[in-house]
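As structure tokens, the structure follows; a few thoughts come after it.
Counting begins at 1 with the first residue of the sequence. Whatever order the structure lists ligands and atoms in, that order sets their numbers, starting from 1.
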Amino acid sequence: MAFEHTSVLLEETVNGLAIKPDGIYVDATLGGGGHSYQVCSRLGSTGRLIGIDQDAAAIEAAGSRLECFGERVTIIRSNYCDMKQKLHTIGVEKVDGIILDLGVSSYQLDTADRGFSYRADAPLDMRMDQRQQTTAKDIVNCYSEAELYRVIRDYGEDKFAKNIAKHIVMERERKPIETTGQLNEIIRRAIPMKFQKTGGHPSKRTFQAVRIELNRELEVLRESLDDMIGMLNPGGRICIITFHSLEDRIVKSVFRKNENPCTCPSHFPVCVCGNMSKGKVITRKPILPGEAELEYNSRSKSAKLRIFERE
Ligand SMILES: C[S@@+](CC[C@H](N)C(=O)[O-])C[C@H]1O[C@@H](n2cnc3c(N)ncnc32)[C@H](O)[C@@H]1O
């Protein structure tokens, strides 16, 4: 299957980086290399792009797509949480810009046997990094009812989380839950019929929740952002595209904290904590896709772009 993915907020993100032709840029969620291709097109002969992804299929697809840029491109298969150390091993300590386009690619979603989609019947997998041992099947079959409830409530924000967790545990006592189709059926039975007609596909939220938990998406994001901001050269920018409120909240709060890290009580006349600002938030409000983009790419619907610039 060809690697199909339409890059979201492409112009806005690449413009947001304010690219210097001789700069070093990192695309920490390389995917099919759509954003990276545009970044590379704006680099001169001494500019450099480092692309990171944990998914083997993305590495292969982006490798071919960016081949024409030759030595200017370095591709690394890794989780972006290890970016600082991976860049150190290739002699890069500081960079001029970073892109994070979070979540899964359309290729991952549309490749049925990756098990991300509730639209196809396939083994419950959902690993972004196929080298990882644990899959979605382990979560669904081994987590306690309380843990499943927490995951579906917190990461899926599903109001029927409790009932879905209960039904999963009931069903797996009869036989293991191995496929997306089985999970769909269980969720369908756990959600009252009148709510299934509104609010999108009944499985959408639970699938999102299991995927976030399995790939530790929110922890990894939360733990990586300060380091990424710390790696930016003065004037360097980080552009982050999020796809749901849980991610967006993390980005917004980390940006705000890096802009104003002062912990002094508000009545203190001068700052005594000594925490210095790392830079400024460029986007007071997030940048959203325009009507034209929404029309040709429905998957851009929930996208939000936020940008931070290093001092
Ligand atoms: C939305 S796609 C990126 C698409 C890309 N911007 C493009 O235009 O083609 C997200 C990609 O990030 C990767 N990814 C998500 N979380 C990651 C992480 N923590 N570390 C490395 N790669 C990650 C996924 O495997 C996926 O390929």
Query raised in the report: Does the distance from a Lys or Arg side-chain N to an Asp or Glu carboxylate O, for Lys304 and Glu12, drop under 4.0 Å?
Result: no
Query raised in the report: Quick one: do Asp226 and Lys278 make a salt bridge, cutoff under 4.0 Å?
Result: no
Query raised in the report: Looking only at heavy atoms, what is the nearest atom pair of Ser224 and Val220, with distance?
Result: OG-O, 2.6 Å
Report task. Of all the heavy-atom pairs spanning Gly16 and Ile307, show the shortest one and how long it is. Result -> CA-CD1, 3.7 Å
What protein heavy atom is closest to [atom], reported as residue, atom name and distance in Å?
atom: atom 8 (O) of ligand 1; answer: Ser7 OG, 2.5 Å
atom: atom 20 (N) of ligand 1; answer: Tyr80 N, 2.9 Å
atom: atom 19 (N) of ligand 1; answer: Asn79 OD1, 3.0 Å
atom: atom 17 (C) of ligand 1; answer: Gln54 NE2, 3.2 Å
atom: atom 12 (O) of ligand 1; answer: Thr29 CB, 3.2 Å
atom: atom 5 (C) of ligand 1; answer: Leu30 O, 3.4 Å

Short list, please: which atoms of ligand 1 are under 4.0 Å from a heavy atom of [X]?
X: Gly34; value: 7 (C), 8 (O), 9 (O)
X: Val104; value: 1 (C)
X: Met128; value: 14 (N), 15 (C), 16 (N), 24 (C), 25 (O)
X: Gly33; value: 9 (O)
X: Leu102; value: 1 (C)
X: Val220; value: 19 (N)
X: Asp55; value: 25 (O)
X: Ser78; value: 20 (N), 21 (C)

Check: [X] side chain, [Y] main-chain N or O, donor-acceptor pair, under 3.5 Å:
X: Glu147; Y: Ser144; answer: yes
X: Arg310; Y: Arg237; answer: no
X: Thr206; Y: Ser203; answer: no
X: Gln208; Y: Tyr155; answer: yes

Query raised in the report: Relative to ligand 1, is Asn215 under 4.0 angstrom through side chain, backbone, both or neither, heavy atoms considered?
Result: neither
Query raised in the report: Of the backbone atoms (N, CA, C, O) and the side-chain heavy atoms from C-beta on, which set of Glu217 has a member under 4.0 Å from an atom of ligand 1: side chain, backbone, both, or neither?
Result: neither
Query raised in the report: Does ligand 1 have an atom that lies less than 4.0 angstrom from a heavy atom of Arg216?
Result: no
Query raised in the report: Looking at ligand 1, does any of its N/O atoms fall within less than 3.5 Å of an N/O of His5?
Result: no
Report task. Flag Ser105 as yes when one of its N or O atoms lies below 3.5 Å from any N or O atom of ligand 1, and as no otherwise. Result -> no
Query raised in the report: Just wondering, do Pro286 and Leu305 contact through their side chains at under 4.5 Å, heavy atoms?
Result: no
Requested in this report: Check whether the ring centres of His5 and Tyr107 lie less than 6.0 Å apart, and answer yes or no.
Outcome: no
Query raised in the report: Around atom CD of Glu93, are there more than 12 heavy atoms of other residues, nucleotides or ligands at under 6.0 Å?
Result: yes
Requested in this report: Mark yes or no: Arg153 above the aromatic ring of Tyr149, with NZ or CZ under 6.0 Å from the six-membered ring centre and no more than 45 degrees from the axis.
Outcome: yes
Report task. From the options Leu100, Asp27, Asp53, select the one whose nearest heavy atom is closest to atom 13 (C) of ligand 1. Result -> Asp53
